[in-house]
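Here's the structure, in structure tokens; my notes come after.
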Amino acid sequence: MRIVTVLNQESCHPARFGELLEERGVTPTRVNAWLDPPAEELLDDAGGVIVLGGSMGAHDEADHPHLTSVLGLLRGAHERRTPVLGICLGSQLLAKALGAKTYPMTASEIGWFEIEVECDDPLLGPAGTRTQLDWHLDSFDVPPGARRIARGRGCTNQAFRAGNSYGLQFHPELDEATMAAWLRAESSRADLDELGVDPQSLFDGLERHRAEYVTQARRIVQGFIDLVDRERLAKSTTQA
């Protein structure tokens with residue numbers, strides 16, 4: 001099984017998701033999109049695609065030209081029914097690729113928040129309340145034909161599904177090392193100060209919510225692998 005992980009900047013990588021994939025015998029193929037913009041040919045032997053976050057917005061193609069290639073990759077994957085998982089910026093790019101509007105929020109959302117999973121879902125699990133980490137300045141509308149599967153108070157659209165394509169506004173992939181690096185970044189300080197977010201409390205949330213947070217990460221990764229397996233089986237059956 002080959003799963004492509006698309007990075008939009010160095011600091012936004014699979015983190016815990018990478019470890020969980022390898023635990024399950026999957027070695028992700030990493031693509032640094034800002035150095036090597038992905039071409040749709042990547043999909044020819046890819047079982048699934050995961051697109052990670054970034055400090056830029058989905059509308060920032062002029063300053064970050066690689067985003068145009070990532071959008072094309074997402075459209076191509078969705079058309080082929082190749083399973084897609086977009087996280088934060090990745091979810092915004094996926095929404096845009098599928099015809100929805102993306103836009104800056106009036107107030108950024110950074111912190112640990114309750115989200116409501118609105119229906120039983122193979123990746124997010126049973127309907128109900130979850131605690132998740134949000135760290136984003138932009139949001140999206142749910143694409144035409146897609147279904148919202150999780151909502152929040154500050155940012156209504158927290159997750160959607162369109163066929164085999166999933167967009168998650170929150171960050172279920174973070175681990176301690178990645179969070180620490182984000183908090184040290186100079187670019188983070190202004191946003192944290194503006195919102196009055198205490199960096200230490202944000203970091204400590206990883207421990208406060210560890211049991212639930214790690215359980216969710218495992219469920220999402222396993223659900224995505226299962227989705228990849230089902231789609232590969234369906235395609236092989238059709239071709240036979």
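Small disclaimer: the values here were computed from a predicted structure and weren't measured. Residues: numbered from 1 along the sequence shown.
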Task: Val6-Tyr166 co-clustered via ILVMFWY side chain contacts under 4.5 Å - done: no
- [ ] Is it possible for you to say whether Phe17 and Leu227 belong to one hydrophobic cluster, with membership spreading through side-chain heavy-atom contacts below 4.5 Å?
- [x] yes
TODO: State, to 0.1 Å, how close Thr178 and Ala15 come at their nearest heavy-atom pair, and which atoms those are.
DONE: OG1-CB, 3.4 Å
TODO: Working to the nearest 0.5 Å, report the span between CG of Leu133 and CD of Glu109.
DONE: 9.5 Å
TODO: Could you grab the distance from atom CG of Asp175 to atom CG of Leu206, nearest 0.5 Å is fine?
DONE: 8.0 Å
Open item on the list: Using side-chain heavy atoms (C-beta onward) and a distance below 4.5 Å, is Gln132 in contact with Gln169?
Closed with: no
Open item on the list: Minimum heavy-atom separation for Leu183 and Pro199, please, with both atom names.
Closed with: CD1-O, 3.5 Å
TODO: Taking the side chain as every heavy atom from C-beta outward, state whether Arg24 and Arg218 have any atom pair closer than 4.5 Å.
DONE: yes
Open item on the list: Once rounded to the nearest 0.5 Å, what's the spacing between atom CD of Glu79 and atom OG of Ser165?
Closed with: 10.0 Å
TODO: Mind listing the closest non-hydrogen atom pair of Asp138 and Ala58 along with its distance?
DONE: OD2-N, 4.3 Å
- [ ] Kindly work out whether a path of hydrophobic side-chain contacts (I/L/V/M/F/W/Y, heavy atoms less than 4.5 Å apart) joins Leu20 to Val49.
- [x] no
Task: Any Ile149 side-chain heavy atom under 4.5 Å of Glu118 side chain - done: no
Task: Asp120 (side chain) donor-acceptor with Ala127 (main chain) under 3.5 angstrom - done: yes
- [ ] With Leu85 as reference, evaluate Leu52, Thr5, Leu168 under the side chain to side chain contact (heavy atoms under 4.5 Å, CB included) test and give the passing residue.
- [x] Leu168
Task: Shortest non-hydrogen contact from Ser69 toward Pro37 - done: OG-CB, 3.4 Å
Open item on the list: Any side-chain to backbone donor/acceptor pair from Arg151 onto Thr156? Under 3.5 Å, distance only.
Closed with: no
Open item on the list: What verdict does the side chain to side chain contact (heavy atoms under 4.5 Å, CB included) test give for His136 and Met105, after you've listed the backbone C-alpha separation in whole Å, the side-chain angles of each residue and the deciding distance to 0.1 Å?
Closed with: CA-CA 9 Å; His136 58 101; Met105 297 176 64; 3.3 Å; yes
Open item on the list: Hydrophobic clustering (ILVMFWY, side-chain heavy atoms < 4.5 Å, transitive) - are Leu89 and Tyr103 grouped together?
Closed with: no
Open item on the list: If you count heavy atoms of other groups shown closer than 6.0 angstrom to CZ of Arg147, is the number above 12?
Closed with: no
- [ ] Enter the distance from Leu233:CG to Lys235:NZ here, rounded to the nearest 0.5 Å.
- [x] 12.0 Å
Open item on the list: Closer than 3.5 angstrom, by distance alone: can the side chain of Arg161 be matched with the main-chain N or O of Gly163 as a donor-acceptor pair?
Closed with: yes
Open item on the list: For Leu94 versus Leu74, what's the shortest heavy-atom pair and its separation?
Closed with: N-CD1, 3.6 Å
Task: Polar side-chain atom of Arg130 near backbone of Gln216 as donor-acceptor pair, under 3.5 Å - done: no
Open item on the list: Main chain of Leu35, side chain of Asn32: is a donor-acceptor contact present, judged purely on distance under 3.5 Å?
Closed with: no
Task: Heavy-atom pair of closest approach, residues Leu43 and Gly76 - done: CD1-C, 3.6 Å
TODO: Would you tell me whether Ser188 and Asp191 have side-chain atoms, one donor and one acceptor, within less than 3.5 Å of each other?
DONE: no
Task: Atom pair CZ/CG of Arg30 and Asp36 - distance to nearest 0.5 Å - done: 12.5 Å
TODO: Apply side chain to side chain contact (heavy atoms under 4.5 Å, CB included) to Val214 and Arg16, showing your working.
DONE: CA-CA 9 Å; Val214 174; Arg16 192 186 309 279; 3.8 Å; yes
- [ ] Please tell me if the side chains of Gln158 and Phe170 come closer than 4.5 Å, counting only heavy atoms from C-beta onward.
- [x] yes
Task: Heavy-atom side-chain proximity of Leu7 to Cys12 below 4.5 angstrom - done: no
Open item on the list: Is it the case that the side chain of Glu212 and the backbone of Thr131 share a donor-acceptor pair, with hydrogens and angles ignored and the cut-off at 3.5 Å?
Closed with: yes
Open item on the list: Are there over 12 heavy-atom neighbours, none belonging to Arg189, within less than 6.0 Å of that residue's CZ?
Closed with: yes
- [ ] Test Ile87 against His171 for side chain to side chain contact (heavy atoms under 4.5 Å, CB included), laying out the working first.
- [x] CA-CA 7 Å; Ile87 297 174; His171 283 280; 3.9 Å; yes
Task: CZ-CG distance between Arg75 and Leu93, expressed to the nearest 0.5 angstrom - done: 10.0 Å
- [ ] Mind jotting down which residue pairs meet the side-chain hydrogen bond (donor to acceptor under 3.5 Å, both in side chains) criterion with at least one end in residues 45-68? Sequence neighbours excluded, please.
- [x] Arg2-Asp45, Asn8-His66, Gln9-Ser55, Glu61-Lys96
- [ ] In plain terms, say whether Asp44 and Arg80 are close enough for a salt bridge, that is, a side-chain N and a carboxylate O under 4.0 Å apart.
- [x] yes
Task: Whether Tyr213 side chain and Leu174 backbone form a donor-acceptor pair below 3.5 Å - done: yes
TODO: Decide if the gap between the ring center of Phe140 and the ring center of Phe160 is smaller than 6.0 angstrom.
DONE: yes
Open item on the list: Membership question, hydrophobic clusters at under 4.5 Å side-chain separation (ILVMFWY): are Val31 and Leu21 in the same one?
Closed with: no
TODO: Let me see the working for Ser201 and Arg208 under side chain to side chain contact (heavy atoms under 4.5 Å, CB included), right down to the final yes or no.
DONE: CA-CA 10 Å; Ser201 178; Arg208 288 196 307 273; 4.0 Å; yes
- [ ] Specify whether Trp112 and His209 have parallel, tilted or perpendicular ring planes, treating 30° as the upper limit for parallel and 60° as the lower limit for perpendicular.
- [x] tilted
